Amino acid sequence: MSLSRRCAETLIDLVEIKLSCLEITDREDLREKELLLRCVQELKAEVRGENGTTAAFAAPKRRGRRPKHLQLQDLHA
């Protein structure tokens, strides 16, 4: 995806405005916040000239328990 620098910066501003207005009351709001933060990271990568979809980012948090085959006691056995 190719965006002009001006468009990417405008989108970053809009996402940051939405983030500042977002009130977290439940898990769905938290997921939306994480998605918006990822959007800002991708857009900033685009502005730097990188491909935003393939840029390295912090791994998203896991949801739920570890699968049984990856339990802590099995990892240290």
Side-chain angles (χ1 to χ4, degrees):
M1 179 173 86
S2 178
L3 292 173
S4 70
R5 183 178 186 90
R6 185 173 179 192
C7 286
E9 288 173 352
T10 301
L11 289 171
I12 290 169
D13 288 341
L14 290 171
V15 173
E16 287 176 343
I17 290 168
K18 176 146 181 149
L19 275 168
S20 69
C21 295
L22 188 65
E23 291 184 23
I24 309 231
T25 57
D26 58 10
R27 289 180 189 253
E28 186 63 32
D29 292 338
L30 187 59
R31 281 194 281 279
E32 182 178 359
K33 178 185 175 187
E34 290 173 355
L35 175 64
L36 291 171
L37 290 171
R38 171 69 188 216
C39 289
V40 170
Q41 290 176 334
E42 287 187 21
L43 288 166
K44 286 182 178 181
E46 288 283 335
V47 168
R48 289 190 307 265
E50 301 171 13
N51 184 349
T53 58
T54 60
F57 299 107
K61 296 177 186 173
R62 286 184 17 85
R63 293 181 61 200
R65 293 177 39 187
R66 289 180 185 258
K68 283 197 172 210
H69 67 279
L70 293 177
Q71 292 293 330
L72 185 60
Q73 64 271 15
D74 296 334
L75 292 175
H76 295 292

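Numbers here simply count residues along the sequence, with the first being 1. Computed from heavy atoms alone, side chains included, the values below leave out hydrogens, waters and symmetry copies. A quick note: this is a predicted structure, and the numbers were derived from the prediction, not measured.
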Using a 3.5 Å cut-off and no angle test, enumerate the donor-acceptor pairs between side-chain atoms of residues 6-21 and protein atoms at least two apart in sequence or in another chain.
| unit_1 | atom_1 | unit_2 | atom_2 | d |
| --- | --- | --- | --- | --- |
| Glu9 | OE2 | Arg5 | NE | 3.2 |
| Thr10 | OG1 | Arg6 | O | 2.9 |
| Lys18 | NZ | Glu32 | OE2 | 3.3 |
| Ser20 | OG | Ile17 | O | 2.7 |

Is any side-chain N of the basic residue among Arg31 and Glu28 closer than 4.0 Å to the acidic one's carboxylate O?
-> yes
Ser4: side-chain hydrogen bond (donor to acceptor under 3.5 Å, both in side chains) partners, not counting sequence neighbours = none
What is the distance from atom CG of Asp29 to atom CD of Glu34, rounded to the nearest 0.5 Å?
-> 11.5 Å
Results of salt bridge (Lys or Arg N to Asp or Glu O under 4.0 Å) for Glu23 - residues two or more places apart only | none
Consider only side-chain heavy atoms of I, L, V, M, F, W and Y, link residues closer than 4.5 Å, and tell whether Leu37 and Leu35 are in one cluster.
-> no
